[in-house]
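As structure tokens, the structure follows; a few thoughts come after it.
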Protein chains: 2
Amino acid sequence: MVLNKYVSEDKVLLAVDCIIFGFDEEDLKILLVKRNFEPEMGKWSLIGGFLREEENLDQAAIRILHHLTGLHGIYMEQFYVFSKVDRDPAERTISVAYYALIDIAAHDKKITHIDKAQWFSLKDVPKLIFDHDTMVERAMARLQQRAKDKPIGFELLPEKFTMRQLQKLYESILDKNLDKRNFISKVNSLDILQKLDEKDMTMSKKGAFLYQFDQEKYNRKVDEGFNFKL
Amino acid sequence: MVLNKYVSEDKVLLAVDCIIFGFDEEDLKILLVKRNFEPEMGKWSLIGGFLREEENLDQAAIRILHHLTGLHGIYMEQFYVFSKVDRDPAERTISVAYYALIDIAAHDKKITHIDKAQWFSLKDVPKLIFDHDTMVERAMARLQQRAKDKPIGFELLPEKFTMRQLQKLYESILDKNLDKRNFISKVNSLDILQKLDEKDMTMSKKGAFLYQFDQEKYNRKVDEGFNFKL
DNA sequence: GCAAAAGTGTTTCCACTACACCCATGA
DNA sequence: TCATGGGTGTAGTGGAAACACTTTTGC
């Protein structure tokens with residue numbers, strides 16, 4: 001028989017909040033919703049929900065993201081817990097924050113059906129409820145850090161993309177301009193992209209070659225202890 | 001009036017577990033205790049406790065560390081949340097893991113009064129309860145990462161230390177040998193140490209100069225956006 | 001005088017940076 | 001023919017790594 005020895009301890013509500021990053025060829029954005037319950041109903045907020053008895057936090061994050069956006073198979077990573085005593089005025093709530101990376105273009109139809117969900121450029125994020133502003137800041141910092149040692153950028157792009165798109169994405173994440181030639185040779189040196197025979201003709205008359213992330217090659221390199229730095 | 005709209009949500013126990021790193025001139029170690037309550041009484045465990053209503057997680061971590069070791073003013077950092085459904089067989093418990101860095105020598109007297117607390121070399125850690133092994137692994141990974149971009153190593157050394165000690169510490173953390181000359185010139189280039197006129201005579205006939213971390217200089221450099229990399 | 005740790009510089013190499021021109025095409 | 005974005009190479013610089021000998025002094 002297993003005794004419950006913890007009966008005298010306080011229990012708390014454990015929330016999961018998601019910072020959903022997207023990229024639309026130009027700008028890094030996050031997805032926000034108008035909160036439809038009290039407190040702070042009608043204000044802009046991250047999407048979130050509560051952990052349930054039968055799931056772990058990763059599962060909760062996936063469930064919440066899926067429930068509110070219809071999206072599956074999204075890259076998510078837990079990055080920090082926010083626990084200020086009065087962060088939620090309604091009740092003591094601890095929130096585990098996750099960030100998610102999605103390709104806006106591929107999933108836009110699914111998302112836009114949601115009432116009151118809207119993409120905001122990072123430069124242009126409104127005041128959010130509770131400590132959600134802090135969460136966004138911190139998610140951004142973590143994303144910048146991660147971008148430098150793991151090729152997560154690809155999660156934000158369509159399966160096929162041009163070098164130009166990739167560069168613009170990294171410029172958005174790192175918030176600085178990069179040199180075209182240097183960027184390309186760095187990326188090529190990683191040797192994790194497949195150059196396709198197709199071209200993207202939407203951006204120029206000449207057309208730009210499309211590339212594709214090669215997950216297998218990447219996995220092999222990770223196994224070999226290859227040290228990614230972008 | 002603020003309504004509690006969350007009444008239907010599940011509440012959970014939120015634990016804090018601490019991976020306490022120490023360094024003793026030779027080896028990187030962690031502090032473990034023999035658990036004195038059920039379940040798993042008598043097995044080796046990280047120190048931990050539960051979050052209380054009136055505190056945030058950082059405060060809880062500080063309280064728990066202080067309560068079990070008598071130590072104050074210790075460097076601590078939250079690094080991950082563990083939430084597997086059955087991680088604690090007694091009851092659903094989510095654990096927020098912190099790592100702490102302490103100077104064994106300076107605090108050893110205080111710590112050793114604790115029943116059943118013991119330092120273990122990292123190479124030599126026994127099987128721990130629950131998922132504490134995973135926590136230790138992950139803490140170690142985080143420590144290695146942090147050591148590279150923030151001079152946290154000094155938290156593990158006495159106030160005054162020799163270059164040799166500092167090097168051995170970094171060798172322990174990074175788990176690889178470093179070149180003496182390269183290490184010293186890298187450290188010197190950071191320009192955050194004060195060389196003292198004193199020498200440590202315990203390790204050699206010649207004696208080795210003692211150094212001291214210069215917090216002010218460091219803070220100034222951080223403000224100036226200096227990019228630490230060790 | 002020798003063992004044991006402290007201290008000290010130089011060279012090599014590679015990765016990062018800066019930088020400018022031609023190409024292909026549709027209009 | 002020209003405007004637009006696509007594509008390509010090189011030289012210079014700075015930090016990281018490799019590397020060996022002399023100094024001090026207690027025994």
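Labels below follow one simple rule: chain letters A, B, ... track the order of the sequence lines, proteins then strands, and each chain is numbered from 1. Just the heavy atoms: all of them, side chains too, but no hydrogens, waters or symmetry mates, feed the values below.
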Report task. Give the rounded distance in Å between these two atoms: CZ of A:Phe209 and C1' of D:dG7. Result -> 10 Å
Report task. Among the candidates D:dC19, C:dC19, C:dG7, find the nucleotide nearest to the side-chain atoms of A:Asp179. Result -> C:dC19
Query - Length of the CZ-P vector between A:Phe183 and D:dG7, whole Å - result: 13 Å
Query raised in the report: For A:Lys229 and D:dG15, what is the distance between atoms NZ and C1' respectively, to the nearest whole Å?
Result: 11 Å
Query raised in the report: Is the backbone N or O of B:Lys123 less than 3.5 Å from a side-chain atom of B:Ser121, with the two atoms forming a donor-acceptor pair by type?
Result: no
Query raised in the report: Just one of B:Phe154, B:Phe228, B:Phe226 clears the ring pair (Phe, Tyr, Trp, His ring centres under 6.0 Å) bar with B:Tyr218, so which one?
Result: B:Phe228
Report task. Side chain of A:Lys205 only, please: which of C:dG7, C:dT25, C:dA20 is the nearest? Result -> C:dT25
**Report entry** Separation of D:dG15 C1' from B:Leu230 CG (nearest whole Å)
**Finding:** 13 Å
**Report entry** Between P of C:dA6 and CG of B:Leu210, the distance in whole Å
**Finding:** 11 Å
Query raised in the report: If each of A:Ala208 and B:Met201 is mapped to the nucleotide of DNA chain D with the nearest heavy atom, which maps nearer the 5' terminus, i.e. the 5' end?
Result: A:Ala208
Query raised in the report: Think B:Lys195 forms a cation-pi with B:Tyr211, using NZ or CZ under 6.0 Å from the six-ring centre and within 45 degrees of its axis?
Result: no
**Report entry** Any donor-acceptor pair under 3.5 Å from B:Asp214 side chain to B:Glu216 backbone
**Finding:** yes
Requested in this report: May I have the distance from B:Asn188 (atom CG) to C:dG7 (atom P), rounded to whole angstrom?
Outcome: 11 Å
Report task. Specify the residue among B:Lys206 and A:Lys176 whose closest nucleotide of DNA chain C lies further upstream toward the 5′ end. Result -> B:Lys206
**Report entry** Closest listed nucleotide, where the reference is the side chain of A:Asn182 and the choices are C:dC19, C:dT8, D:dT4
**Finding:** C:dC19
Query - Any A:Arg164 side-chain N or O less than 4.0 Å from OP1/OP2 of D:dG6 - result: yes
Requested in this report: Determine whether the aromatic ring centres of A:Phe82 and A:Tyr80 lie less than 6.0 Å apart.
Outcome: yes
Report summary line: Contacts of B:Lys199 and A:Lys186 projected onto DNA chain C by closest heavy atom; the upstream (5') one is B:Lys199
Query - Rounded distance (Å) that lies between atom P of C:dA18 and atom CD1 of A:Ile184 - result: 17 Å
Query - Nearest-nucleotide comparison on DNA chain D, the residue closer to the 5′ end among A:Lys195 and A:Met203 - result: A:Met203
Report summary line: B:Arg181 atom CZ is separated from D:dA16 atom C1', nearest whole Å, by 14 Å
